[in-house]
S.K.: 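Can you keep this structure in mind? I'll have questions shortly.
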Amino acid sequence: KLCAIGELNDFKPSERYGLTDMGDLEPIGPDGKIKHGGLKERKAVNRLDTFGKVFVLTRQMLIDDDLHAFLRIPEMMGARAARKVDSAFIQRLLANPGGLFSSEHKNLLTGADSALSPDSLAKAIQLFAEQTDDDGQPLNLQPKYLLVPPSLKMTAREILHSTSYLAVGATNRQRIPIYNALADEDLEIVVSPWLSNSRMPGASDKHWYLFGDPALIDTFELGFLRGAREPEVSQGKVSADCLGMGFRTIFDFGIREMDFRGMV
């Protein structure tokens, strides 16, 4: 959901180009001449890595399981591959490569008031909406996904789906309209346990992100070798002193960030 899907033909770095319009439309004068504009290239690079694992079904497993183990291999390895893609994406995201999230890029909220809340989410949506192209003009895009760790899942649901918020305080009470403006943002919540997993460098149970629709604006690209989106599982060799059957699985994919303006 958060990444665009790309195809890479080999393991060399693959350059991705985006064209940014430079120059607004201008009035045409009495002479009928149209003024020239320009295009500026934005370059990002994706590159494939190969991931793999060898495993063995022992002779006893094969006999006792009555071929059930064979049937589960594709399902098990498919699930493992999906988990590997998830972890690789979150690892790249948390590494903040090249200052992807920064004050310079105007896509970062920090400090005590950046904890997920109605106010901080509204600020993040504003940052997203105020992103401009290289000519300084608004991109006029809205976020589509709210990415959170499991610890913030219920908070995110309460913020986006509550019908009202109650004011607290014994004095100076005011009548507050029963309306949750954030519910109209149509944000979809995406939960990833990798964001707060202790084995992931930079993990936190407080980080959260807004992502745009990758069909409308570049975010991350998830590239596969020649469109192969599933791992390759094949029978492998085992040593002579091992009773059983060996299997090998390999998966070629690469994940790289494309444009900071698609994320907060």
Side-chain angles (χ1 to χ4, degrees), residues 1-5 44 82-132 138-166 179-222 255-264:
K1 292 182 177 181
L2 307 179
C3 303
I5 303 299
R83 287 167 55 186
K84 184 61 182 178
V85 170
D86 284 350
S87 66
F89 165 68
I90 296 297
Q91 183 176 6
R92 187 79 184 176
L93 183 70
L94 293 178
N96 196 28
L100 179 64
F101 300 100
S102 64
S103 57
E104 179 184 358
H105 288 164
K106 300 179 181 179
N107 66 347
L108 177 65
L109 282 178
T110 59
D113 59 353
S114 64
L116 184 59
S117 69
D119 288 340
S120 63
L121 182 56
K123 290 179 182 178
I125 293 173
Q126 179 181 346
L127 283 179
F128 197 103
E130 290 178 345
Q131 285 289 355
T132 60
L139 292 174
N140 198 27
L141 292 170
Q142 297 296 323
K144 183 173 183 179
Y145 300 105
L146 173 59
L147 173 65
V148 297
S151 58
L152 295 179
K153 178 180 179 180
M154 295 307 166
T155 301
R157 285 185 173 180
E158 290 171 353
I159 292 172
L160 294 177
H161 302 307
S162 295
T163 57
S164 64
Y165 291 104
L166 299 179
Y179 169 64
N180 178 10
L182 292 170
D184 289 340
E185 291 295 322
D186 293 327
L187 286 172
E188 181 178 339
I189 299 170
V190 178
V191 181
S192 173
W194 285 109
L195 280 173
S196 55
N197 186 274
S198 59
R199 298 185 62 181
M200 182 67 67
S204 168
D205 60 1
K206 297 179 175 62
H207 290 167
W208 54 277
Y209 300 82
L210 286 179
F211 275 76
D213 186 345
L216 300 177
I217 187 170
D218 289 331
T219 52
F220 274 69
E221 181 187 76
L222 171 58
I255 295 178
R256 292 296 186 276
E257 62 286 349
M258 295 289 121
D259 192 344
F260 66 87
R261 287 169 284 202
M263 300 164 280
V264 170

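Quantities reported herein were computed from a predicted structural model and do not represent experimental measurements.
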S.K.: Nearest 0.5 Å, what's the CZ-CG distance between R256 and D218?
M.R.: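 If we round to the nearest 0.5 Å, R256:CZ and D218:CG are 15.5 Å apart.
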
S.K.: Atom CG of L139 and atom CG of L216: how far apart are they, to the nearest 0.5 Å?
M.R.: 11.0 Å

S.K.: State, with a plain yes or no, whether a side-chain heavy atom of L182 is found less than 4.5 Å away from one of I125.
M.R.: yes

S.K.: Can you tell if the side chain of F211 reaches within under 4.5 Å of the side chain of V190, non-hydrogen atoms only?
M.R.: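 Side chain of F211 against side chain of V190, heavy atoms only: no contact under 4.5 Å found.
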
S.K.: Which value, rounded to the nearest 0.5 Å, describes the distance between L93 atom CG and I255 atom CD1?
M.R.: 10.0 Å

S.K.: Got more than 12 heavy atoms from elsewhere within 6.0 Å of CG, N140?
M.R.: no

S.K.: Identify whether the distance between the nearest side-chain nitrogen and carboxylate oxygen of E188 and K1 falls below 4.0 Å.
M.R.: yes

S.K.: To the nearest 0.5 Å, how far apart are CE in M154 and NE2 in H161?
M.R.: 10.5 Å

S.K.: Could I get the full list of ring pair (Phe, Tyr, Trp, His ring centres under 6.0 Å) partners for H207, not counting sequence neighbours?
M.R.: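 Ring pair (Phe, Tyr, Trp, His ring centres under 6.0 Å) list for H207, sorted by chain: empty.
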
S.K.: Give a yes or no on whether the backbone of K106 and the side-chain of Q131 come within a donor-acceptor separation of less than 3.5 Å.
M.R.: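 Yes, Q131 side chain to K106 backbone: donor-acceptor pair under 3.5 Å.
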
S.K.: Show every salt bridge (Lys or Arg N to Asp or Glu O under 4.0 Å) that has at least one partner inside residues 197-209, sequence neighbours left out.
M.R.: none

S.K.: Tell me whether the rings of F220 and F89 are parallel (<30°), tilted (30 to 60°) or perpendicular (>60°).
M.R.: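 Rings of F220 and F89: perpendicular, as their planes differ by over 60°.
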
